[in-house]
Asker: 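First, the structure itself, so that you have it in front of you.
The figures here come from the full heavy-atom set of this structure, side chains too, leaving out hydrogens, waters and symmetry mates. So that the names make sense, note that chain A is the first sequence line, chain B the second, and so on, each numbered from 1.
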There are 2 protein chains.
Amino acid sequence: MTEPRVRPTRAQQRRQTEEAILAAARQMFAEVGYDRTTIRAVAKAAGVDAGLVMHYFGTKDELFSRAAKLPAEQLPAEQLPTDTAEQMTEALLASLATRLDSEPVASLAVLRSMLTNTAAAERYRTAAEPRLNQITAAIPTPDAELRAGLLSAIVHGVIIERYLLGLARLADASPDQIIDLLRPCFQALAAAQTPPPPDQPPTDS
Amino acid sequence: MTEPRVRPTRAQQRRQTEEAILAAARQMFAEVGYDRTTIRAVAKAAGVDAGLVMHYFGTKDELFSRAAKLPAEQLPAEQLPTDTAEQMTEALLASLATRLDSEPVASLAVLRSMLTNTAAAERYRTAAEPRLNQITAAIPTPDAELRAGLLSAIVHGVIIERYLLGLARLADASPDQIIDLLRPCFQALAAAQTPPPPDQPPTDS
DNA sequence: CCCTTCATTCAACACACGTTGATTGAACAA
DNA sequence: TTGTTCAATCAACGTGTGTTGAATGAAGGG
């Protein structure tokens with residue numbers, strides 16, 4: 001039983017090193033954001049020289065760009081049903097539940113840097129857009145676009161507070177508990193039905 | 001008709017210069033965040049030398065700390081009624097409407113830097129906490145804390161997307177339109193009435 | 001075997017930053 | 001007027017950054 005490869009081929013080695021750098025970069029971008037992530041620190045975390053990072057990725061921006069790409073995990077073809085608002089809502093909640101369980105590091109990298117880095121903000125926008133359009137398509141009212149924007153803002157607000165700010169109330173709750181509370185909220189936004197006439201709902205009795 | 005003061009007194013001049021520096025700093029912190037804000041750039045925007053900024057504020061952190069303090073505008077004693085969930089909800093919506101109309105620059109400075117600067121994150125937390133407690137106090141269910149956390153996350157998600165990301169759907173809408181859409185959403189979160197019984201959510205079929 | 005390729009390292013550059021200390025000159029108190 | 005205070009400037013420091021280019025040495029192909 002010889003180890004499959006004591007000496008990996010050159011191409012293998014290269015891909016492996018590149019992946020180690022990308023993983024370290026992703027982690028660091030997600031933890032401290034674009035600006036506070038240094039090439040040198042990424043290199044050290046990946047166990048290589050800083051020059052090598054530049055040699056492979058050319059530029060810090062390019063490194064971020066590559067690191068922020070999802071490794072074909074989640075985004076691909078994850079599309080919401082647009083037939084009815086209820087279906088879409090439920091699918092959106094399910095997607096949120098998944099993300100509340102474990103959000104991919106690459107996404108966290110984008111989210112963390114979004115507010116202070118133009119490229120990250122742009123990536124966020126273009127990543128959110130198709131999803132936004134799907135949500136819009138499932139909502140039958142003229143203000144569907146705004147409603148979809150609000151739904152998206154809620155999703156990201158929750159994820160930001162849970163992962164990036166670590167606010168206890170959201171960080172400690174289970175995904176199911178959160179989406180159960182959010183369900184009527186989403187339904188109210190997605191379906192344009194006027195909710196049970198707002199006389200006073202029973203406050204506590 | 002002598003101008004009221006051709007030569008302002010020394011104390012006046014000092015306070016005036018300090019305020020100019022603070023205003024420039026606030027603006028810049030709000031626009032590009034803590035890291036990308038430069039003492040030199042703030043000084044230039046305020047029309048003074050960089051050394052003077054240090055002389056007055058000692059440290060970039062201290063400058064941020066001073067610039068991020070609200071000029072006694074909004075936060076002071078703005079407390080929500082906690083008698084009933086409906087009152088609280090309505091007050092929360094009203095407060096949101098105000099903020100959607102014009103959020104103080106100092107707040108935007110904190111929000112912009114929140115994800116990449118520990119001090120900003122801490123300030124955000126301590127600023128949000130009393131408000132969170134008020135919201136919690138108005139909700140009669142055992143999971144009131146989580147519900148309050150969600151309400152807070154929604155508020156900040158909306159503000160972030162509107163002001164800091166400038167997403168068109170939220171940036172172009174009127175405050176009233178937004179809070180009208182959010183009202184049932186908030187009511188569903190604040191009042192614990194069970195929505196129409198959730199029969200099985202269709203997983204994917 | 002030799003020569004090329006290339007993954008990797010090393011030392012250095014140029015620059016921008018936060019910060020410091022000496023210096024100037026006008027406001028102020030006597 | 002004289003001496004002190006202090007707002008403001010200026011030039012410089014040390015440091016950390018992204019980035020570069022030459023050097024090294026093992027892998028791979030003929």
Asker: With a 4.0 Å cut-off on N to O distance, would you call B:Arg26 and B:Glu19 a salt bridge?
Answerer: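 Looking at B:Arg26 and B:Glu19, the cut-off is met.
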Asker: Scan nucleotides 11-16 of chain D against the protein and return all N/O pairs shorter than 3.5 Å with their distances rounded to 0.1 Å.
Answerer:
from: D:dA12; atom 1: N6; to: B:Arg40; atom 2: NH2; distance (Å): 3.4

Asker: Tell me, do A:Phe29 and A:Leu63 make a side-chain contact under 4.5 Å, heavy atoms counted?
Answerer: yes
Asker: Checking A:Thr89 side chain against A:Ala85 main chain: does a donor-acceptor pair fall under 3.5 Å?
Answerer: yes
Asker: Considering non-hydrogen atoms only, spot the tightest contact between A:Tyr163 and A:Arg99 and give its length.
Answerer: OH-O, 2.8 Å
Asker: Do the side chain of A:Lys60 and the main chain of A:Met54 share a donor and acceptor less than 3.5 angstrom apart?
Answerer: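 The answer is no, because no donor-acceptor pair under 3.5 Å joins these two groups.
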Asker: Could you state the NZ-P distance from B:Lys60 to C:dC17, rounded to the nearest angstrom?
Answerer: 9 Å
Asker: Check each residue of residues 13-23 of chain B for a non-hydrogen atom within less than 4.0 Å of any atom in DNA chain D, then write out the ones that pass by number, or none.
Answerer: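 By residue number: B:Gln13, B:Arg14, B:Thr17.
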Asker: Using only heavy-atom distances, determine whether the side chains of A:Asp61 and A:Tyr34 contain a donor-acceptor pair under 3.5 Å.
Answerer: yes
Asker: With nearest nucleotides of DNA chain D determined for B:Ala50 and B:Arg10 from heavy-atom distances, which residue corresponds to the more 5′ nucleotide?
Answerer: B:Arg10
Asker: Compute both the distance and the angle, then confirm whether B:Arg66 meets the cation-pi test with B:Tyr56: under 6.0 Å from the six-membered ring centre, within 45 degrees of the axis.
Answerer: no
Asker: Does the B:Arg112 side chain pair with the main chain of B:Ala30, one donor and one acceptor, at a distance under 3.5 Å?
Answerer: yes
